[in-house]
Amino acid sequence: MQQVIKAKAVELLNNGTVNRVLGWQTGEFFYDITPAVFETAEEVEANFVYNDFCGANLSKYLVKETAKEGDEKIAVFLKPCDSYSFNQLLNEHRIKREKIYAVGISCEGKLDIEKLRQAGIKGITAVETQGDKLLVSTMYGDKEFDREAALAERCANCKSKKIVADCDEIIGEDGEVLESARFDEVAALENMTAEERFDFWRSQLSRCIRCNACRNVCPACTCKTCVFDNHDSGIDTKASADTFEENMFHIIRAYHVAGRCTDCGECSRVCPQNIPLHLLNRKFIKDMNELYGEYQAGAVLGAKTPLTNYTFDDCEPSIVHERGER
Amino acid sequence: MKKISLNKLNEVFSAIAANEVLYIPVDTEAGVAKFDKWEEGKELSGALNTVRSAKGFFFPQVENMAEFKVEGKKIEVIDTREECADFVMFGVRACDYRSFSILDKVYLVDPIDTYYKNRREHATIVTLACAEPEETCFCSTFGIDASEPGGDVSAWIKDGEMYFKANTEKGEALLGGIAALEEGDEAQVEAAKAEIKAIIEKLPISNLNMDRFTGENLLPIFNDEAKWEELSEACIACGTCTYVCPTCQCYDVREFDTGKCIQRFRCWDSCMYSDFTKCAHGNPRTTQLQRFRQRFMHKLVYFPANNEGEYGCVGCGRCVKKCPINMNIVKVIKALGEEK
């Protein structure tokens with residue numbers, strides 16, 4: 001796959017279709033991959049990588065890239081879940097389609113090095129896939145690990161292998177929307193008592209260091225100045241002064257992206273404290289599905305979102321009260 | 001040299017906690033470690049490092065500084081500082097321990113930061129040698145010896161036992177108060193040290209070349225816009241690297257109206273943020289490239305130029321592990337330094 005993608009990047013640069021390519025660059029190790037813009041075939045040949053650790057969703061970088069002056073196009077490689085973010089950004093007029101050459105690529109699920117570390121594996125120097133197993137080389141000897149158990153959370157609960165964006169071309173097989181178990185954990189939280197649920201979230205959110213990585217990586221968070229950074233907003237906060245602020249930052253953010261969040265899972269991927277932030281967003285998605293009918297943000301270009309589209313059959317506001325009784 | 005069997009470590013903790021508040025690294029349900037107050041049932045984490053570094057003991061993320069009460073034209077300033085109680089930090093790694101001496105160079109020079117000093121003076125530090133360093137470790141680049149971690153007491157783990165050596169009077173007193181300790185064999189500790197050193201030799205990034213990072217090279221490094229552009233290109237401007245960093249020391253001072261008084265507090269700041277060092281005239285660094293460059297210039301050039309060559313990095317590897325886009329100081333050192 002990597003060879004095909006690299007060849008495509010080189011071809012697009014050499015034939016002048018684009019003047020730069022957005023992709024992933026090799027790091028110091030096999031897993032520390034950085035999103036990067038490549039401007040020459042030589043750079044692509046030397047540093048472009050596509051492997052099990054290219055989890056980063058590139059869509060948001062297109063906001064910055066397509067705002068640049070000039071008519072030249074940038075090529076971007078979109079995994080199925082990234083293609084939802086891509087569509088959503090188009091729906092919100094945050095990226096310019098005419099300045100993008102989009103290449104859809106199939107995905108077998110990305111690995112999360114943190115899963116290996118959490119299992120107590122230290123000093124990891126290489127990971128090789130052998131069927132459904134991973135052969136993990138470390139400073140302290142080789143270990144075997146189930147590939148399934150090393151998948152990033154969003155990949156273990158993959159919602160779709162389908163490239164939903166209208167790409168200029170697709171490399172590999174396009175897949176289907178999947179039946180996933182992604183709402184199971186939300187349902188488990190719903191079944192808790194209010195007190196248990198509060199304890200669960202306090203325990204999780206108390207680890208927050210307010211680094212803003214979840215917000216800054218989020219393809220739905222594209223405000224030029226976030227309300228939490230705006231000194232004139234009266235609610236700007238650089239640190240959470242108390243537990244209330246700690247909770248509210250994440251809850252308000254979840255509200256703000258409700259109906260727009262595609263469940264790409266970047267927030268949880270980047271959280272240095274492994275806070276399962278995606279569960280907040282999934283709760284909103286699940287609620288919207290139940291109240292307004294099935295809706296997947298980013299699935300359809302030009303779709304009207306349930307929260308900004310009035311229909312006669314919309315539930316009454318009293319639904320909040322009724323559901324609160326549970 | 002004292003020792004105790006690892007399965008009796010609880011006795012050490014309860015003996016210490018009988019006299020002072022004790023903090024140890026513990027595992028959380030999310031598989032990340034943190035320093036937590038010890039109480040019966042809490043066990044020492046096997047993780048190499050906590051996500052938040054140990055700097056928070058002396059320089060917490062948020063702390064109140066003063067209160068102001070306004071009545072008519074009178075403003076009463078209330079000093080809210082209280083003398084800190086003695087406490088023990090157990091299981092501090094060599095990298096984090098070194099970070100304290102870097103922070104001291106900022107906070108304990110004139111004008112002394114009394115908030116920091118208050119906590120610093122009341123701490124007894126028990127360090128723990130790194131039995132299993134990770135591929136992300138590069139403390140030896142900065143002359144730190146993970147097998148000789150320092151502090152008031154140094155500890156080592158070897159063959160199911162923990163060994164302790166007091167380095168200061170405070171450390172002697174601490175160990176003297178733990179009845180469960182037995183006499184330990186120096187040779188075992190020497191063997192443990194040799195094992196650690198052998199692993200560190202083999203670590204992939206343990207020996208970075210720092211030769212170019214001197215005050216004399218400030219301008220050529222600073223002005224290498226093309227490199228900085230390439231390095232900072234994917235930065236999402238979050239504060240992860242700065243907030244997990246044991247040596248990042250910048251803070252912001254803010255006030256808010258509690259309804260009863262004006263509370264002045266300070267909190268960690270990050271040079272990655274767009275409002276970093278923003279003042280009345282605006283912001284001296286208007287692009288992410290400039291803010292990104294500031295972080296590394298500070299650690300690799302400005303700080304050593306002002307502090308007898310001591311770098312503002314201890315090679316703990318937290319930023320290497322935690323950066324959302326995997327850009328970090330190691331990549332910066334390699335891109336702007338010299339080939340070894």
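Note on naming: letters A, B, ... go to the chains in the order of the sequence lines (proteins, then strands), and numbering restarts at 1 for each one. None of the values given here were measured: they were computed from a predicted structure. Reckoned from all heavy atoms, side chains included, excluding hydrogens, waters and symmetry mates.
- For chain B, the nearby parts of A:Ala213 are the backbone and the side chain; heavy atoms of each come within less than 4.5 Å.
- Considering only heavy-atom pairs separated by less than 4.5 Å from chain A, the leading option among B:Ile236, B:Val62, B:Val330, B:Leu48 is B:Ile236.
- Ring pair A:Phe48/A:Phe38 is tilted by interplanar angle, where 30° to 60° counts as tilted.
- Contact tally against chain A (heavy-atom pairs below 4.5 Å) for B:Lys331, B:Lys278, B:Lys34: the top residue is B:Lys331.
- Neither the backbone nor the side chain of B:Ser270 comes within less than 4.5 Å of any heavy atom in chain A.
- B:Arg318 does not touch chain A: none of its heavy atoms, backbone or side chain, sits under 4.5 Å away.
- Of the atoms belonging to A:Ser240, it is backbone heavy atoms, and not side-chain ones, that fall under 4.5 Å from chain B.
- Interface remark: of the candidates A:Val270, A:Asn216, A:Ile33, A:Asn216 forms the most heavy-atom pairs closer than 4.5 Å to chain B.
- Heavy atoms closer than 4.5 Å to chain A are found in both the backbone and the side chain of B:Leu203.
- Heavy-atom pairs under 4.5 Å with chain A were tallied for B:Gly46, B:Gly31, B:Pro133; the largest tally goes to B:Pro133.
- Counted by atom type alone, A:Asn57 and A:Ser85 present one or more donor-acceptor pairs between their side chains at under 3.5 Å.
- In summary, the aromatic rings of A:Phe77 and A:Tyr50 are positioned with their centroids too far apart to meet the 6.0 Å limit.
- For B:Gln263, no part lies near chain A; criterion is any non-hydrogen pair under 4.5 Å.
- In this structure, chain B has a heavy atom under 4.5 Å from the side chain of A:Glu114, while its backbone stays farther away.
- Between the side chain of A:Arg207 and the backbone N or O of A:Gln273, at least one donor-acceptor pair lies under 3.5 Å.
- In this structure, B:Thr136 and A:Arg117 approach most closely via the heavy-atom pair CG2-NH2, 4.0 Å.
- In terms of non-hydrogen atom pairs under 4.5 Å with chain A, the most contact-rich of B:Ala47, B:Ala234, B:Cys137, B:Ser274 is B:Ala234.
- Of the listed residues (B:Glu63, B:Glu230, B:Lys322, B:Met272), the one with the most heavy-atom contacts under 4.5 Å to chain A is B:Lys322.
- Aromatic ring orientation, B:Phe59 versus B:Tyr251: perpendicular (interplanar angle above 60°, classes split at 30° and 60°).
- Proximity to chain A (any heavy atom under 4.5 Å) is shown, for B:Lys202, by both the backbone and the side chain.
- For a residue to count as touching a neighbouring chain, one of its non-hydrogen atoms must lie under 4.5 Å from one of that chain's; by this rule B:Lys321 touches chain A with backbone and side chain alike.
- If you measure heavy-atom distances from B:Asp269 to chain A, the contacts under 4.5 Å come from both the backbone and the side chain.
- Taking the six-membered ring where tryptophan is involved, the planes of A:Tyr31 and A:Phe29 are essentially parallel, since the angle between them stays under 30° and well short of 60°.
- Of the inter-residue distances, the one linking B:Ile24 atom CD1 with B:Asp36 atom CG reads 8.0 Å to the nearest 0.5 angstrom.
- For chain B, the nearby part of A:Lys64 is the side chain; its heavy atoms alone come within less than 4.5 Å.
- The side-chain heavy atoms of A:Val217 and B:Cys238, taken from C-beta on, include no pair separated by under 4.5 Å.
- Checked by atom type and distance alone, the side chain of A:Lys99 never pairs as donor or acceptor with a backbone atom of A:Glu65 at under 3.5 Å.
- Between A:Leu62 and A:Leu89, the closest side-chain pair of non-hydrogen atoms is not below 4.5 Å.
- A salt bridge (charged side-chain N to carboxylate O under 4.0 Å, His left out) with A:Glu153 is found for one member of A:Lys110, A:Arg282, A:Lys115, A:Arg269 and no other, namely A:Arg282.
- Of the residues considered (A:Asn274, A:Ile124, A:Ile209, A:Ile275), A:Ile209 shows the highest number of contacts with chain B, using heavy-atom pairs under 4.5 Å.
- When heavy atoms are compared at a cutoff of 4.5 Å, B:Thr242 does not approach chain A at all.
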